[in-house]
Amino acid sequence: MVTINEIRAFADARNWEVFHTPKNLSMAIAGEAGELVAEFQWLTMDESMRKNLTDKQIQDIKLEIADVAIYLFRLTDVLGVDLADAMREKMKINESRF
């Protein structure tokens, strides 16, 4: 799995710190999530299942998932949020709600 340090080093090597503000990163996540959604747009529920997707569709979806994850991990790094802790906290909240 790619580490936060690898993602940080990638951004640092390109001097992207000035662009990687929480606002910009959250907007990038939304944009990439939209591109992920577009991969499934107009497919039926059955067509969207793994067994019915082509290798090209899977590759395109995989890369969009990666884009979302990279920006999300970068945002957690910039804000100093421990993603695993945040997920555990949210699951605990959801446990009482659902």
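The first residue in the sequence is number 1, and the count goes up from there.
Alongside Met49, the hydrophobic cluster contains no other residue (criterion: ILVMFWY side chains under 4.5 Å).
The shortest side-chain heavy-atom distance between Ile65 and Leu36 falls under the 4.5 Å cut-off. Counting heavy atoms from C-beta on, the side chains of Asn52 and Thr44 never come closer than 4.5 Å. The shortest distance between side-chain heavy atoms of Ile61 and Leu53 falls below 4.5 Å. For the pair Asp46 and Lys51, the minimum side-chain heavy-atom distance is below 4.5 Å.
Here the CG atom belonging to Leu79 is positioned 9.5 Å from the OG1 atom belonging to Thr21, to the nearest 0.5 angstrom. Interatomic distance, CG of Asp55 versus CG of Asp60, reported as 11.0 Å (0.5 Å rounding). The structure places CD1 of Ile29 at 11.0 Å from CG of Asp67, a figure rounded to the nearest 0.5 Å. Interatomic distance, CG of Leu83 versus CG of Leu75, reported as 9.5 Å (0.5 Å rounding). Annotation: the span from Glu17 atom CD to Arg74 atom CZ amounts to 6.5 Å, rounded to 0.5 Å. Atom CG of Asn5 and atom CZ of Phe73 lie 12.5 Å apart (nearest 0.5 Å).
Remark: the Gln59 side chain and the Lys62 side chain contain an N/O donor-acceptor pair separated by less than 3.5 Å.
Scanning both residues, Ala33 and Val68, for their nearest heavy atoms gives N-CG2, 3.6 Å. Closest of all the heavy-atom pairs between Thr3 and Glu6 is N-OE1, 2.8 Å.
When Asp77, Val2, Asp12 are each tested for a side chain to side chain contact (heavy atoms under 4.5 Å, CB included) with Ile7, only one passes: Val2.
Taking Arg97 as the reference, Lys90, Ile93, Asn94 meet the side-chain contact (heavy atoms from CB on, under 4.5 Å) condition, with sequence neighbours excluded.
Counting non-hydrogen atoms of other residues, nucleotides and ligands closer than 6.0 Å to CD of Glu47 gives a total above 12.
Counting only residues at least two apart or on different chains, the ring-ring contact (aromatic ring centres under 6.0 Å, His included) pairs with a member in residues 14-52 are Phe10-Trp16, Trp16-His20.
No path of Ile, Leu, Val, Met, Phe, Trp and Tyr side chains, each step under 4.5 Å between heavy atoms, connects Ile58 with Leu63, placing them in separate hydrophobic clusters.
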